[in-house]
Amino acid sequence: MSEFHRLKGAFRRFRAIVLGRDVEIVGHCRMCGRCCRKILLKSDDHWLKKETEFTELCQADPLLVRFRIMGRNPSGFLLFECARLGKDNICTEYESRPALCSNYPTKSLYYHGGWLRDDCGFSFQAVTFRDVFMRRKSWRKPKFADVLRGQIEQDKDKRTL
Ligand code: SF4
Ligand code: SF4
């Protein structure tokens, strides 16, 4: 995770708590298979950079051996491809896919400064300070417990596509 994404994620969490408004995930999957290519994998609170970390991750969760290192992104994070993606862009092991796939996209991705592709059928919808200031959205009292509980739930998914 780059410093930029760390800060972006921190700002998003701060805003959600202050406004008492959790991000929403809207839309639906278009089955394009693009999120199954050039995948970033996460361990605890960081994206993988070391091959040894990936080996350890696979030992803890053998379902992850389907992922193969295909390179690095410009920030130096490992990029993976999935051996289970069919030529038709459909998952060949849909019923037994790892949790990180079935949970995608997660709010955790958003709260860690991540983003979705522009052509993904899903999108993050968050209330901004400008929305409240311009009265496009209502402000309601911060609910620390709710936001925090949601964040903790999302963090249970240790790895994110
Ligand atoms: S990129 Fe988005 S629309 Fe395409 S398969 Fe992944 S979740 Fe579905
Ligand atoms: S297991 Fe299936 S859903 Fe998960 S990355 Fe591979 S092809 Fe995609």
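The analysis underlying the following values was restricted to heavy atoms, covering all of them including side chains, and did not include hydrogens, waters or symmetry mates. Counting starts at 1 for both ligands and their atoms, following the listed order.
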* Does the Thr106 side chain pair with the main chain of Asn103, one donor and one acceptor, at a distance under 3.5 Å? -> no
* Asked: After noting the C-alpha distance and the side-chain angles of Glu24 and Lys107, does the key distance pass the salt bridge (Lys or Arg N to Asp or Glu O under 4.0 Å) rule?
  -> CA-CA 8 Å; Glu24 287 177 28; Lys107 292 181 180 181; over 6 Å; no
* To do: Identify, by atom number and element, the atoms of ligand 2 in contact range of Phe67, meaning under 4.0 Å from any of its heavy atoms.
  => 5 (S)
* To do: Enumerate the atoms of ligand 2 whose separation from the nearest heavy atom of Arg84 is less than 4.0 angstrom.
  => 7 (S)
* **Cation-pi, Tyr110 ring and Arg12 (6.0 angstrom, 45 degrees)** => yes
* Structure fact -> ligand 1 atoms nearer than 4.0 angstrom to some heavy atom of Gly121 are 2 (Fe), 3 (S)
* Does Cys91 put an N, O or S atom under 2.8 Å from atom 6 (Fe) of ligand 2? -> no
* Structure fact -> min-distance protein heavy atom vs atom 3 (S) of ligand 1 -> Arg30 N, 3.1 Å
* Asked: Of all heavy-atom pairs between Gly76 and Arg72, which one has the smallest distance, and what is that distance?
  -> O-NH1, 2.7 Å
* Any N/O/S of Cys101 under 2.8 Å from atom 4 (Fe) of ligand 2? -> yes
* Mark up the atoms of ligand 1 that fall under 4.0 Å of a heavy atom belonging to Cys35, in ascending order. => 1 (S), 5 (S), 6 (Fe), 7 (S)
* Given that the side chain starts at C-beta and the backbone is N, CA, C, O, which of these parts of Tyr94 lies under 4.0 Å from ligand 2, counting heavy atoms, or is it both or neither? -> neither
* Heavy-atom contacts with Leu85 under 4.0 Å: which atoms of ligand 2 show up? List them by number with element. => 7 (S)
* How far is atom 8 (Fe) of ligand 1 from its nearest protein heavy atom, and which residue and atom is that? -> Cys29 SG, 2.4 Å
* Minimum-distance pair of heavy atoms, taken over all atoms of Ala126 and Val23 -> CB-CG2, 4.0 Å
* **Numbered atoms and elements of ligand 2 in range of Cys82, under 4.0 angstrom, heavy atoms** => 1 (S), 5 (S), 6 (Fe), 7 (S)
* Structure fact -> Looking only at protein heavy atoms, what sits closest to atom 5 (S) of ligand 1 is Gly33 N, 3.3 Å
* Would you check if Arg68 and Glu81 make a side-chain contact, meaning some heavy-atom pair closer than 4.5 Å? => yes
* Structure fact -> Between Thr92 and Arg84, the two heavy atoms sitting closest are OG1-O, 2.7 Å
* Structure fact -> ligand 2 to Arg66, heavy atom cutoff 4.0 Å, flagged ligand atoms 1 (S)
* Distance-only, no hydrogens or angles: does the Arg30 side chain make a donor-acceptor pair with backbone N or O of Asp119 under 3.5 Å? -> yes
* Asked: Is the ring centre of Trp115 less than 6.0 Å from the ring centre of His5?
  -> yes
* For Cys36, the ligand 2 atoms whose distance to one of its heavy atoms is below 4.0 Å -> 3 (S), 5 (S), 7 (S), 8 (Fe)
* Output the list of atoms in ligand 1 that are nearer than 4.0 Å to some heavy atom of Phe122, sorted by atom number. => 7 (S)
* Measure the distances from the heavy atoms of Glu93 to every atom of ligand 2 and state whether one is below 4.0 angstrom. => no
* To do: Check whether any N, O or S atom of Cys32, backbone or side chain, sits closer than 2.8 Å to atom 4 (Fe) of ligand 1.
  => yes
* **Side chains of Phe122 and Val26 in contact at under 4.5 Å (non-hydrogen atoms)** => no
* Looking at Phe133, does the NZ or CZ of Arg130 lie under 6.0 angstrom from its six-membered ring centre and within 45 degrees of the ring axis? -> no
* Of all the non-hydrogen atoms in the protein, which one sits nearest to atom 2 (Fe) of ligand 1, and at what distance? -> Cys120 SG, 2.4 Å
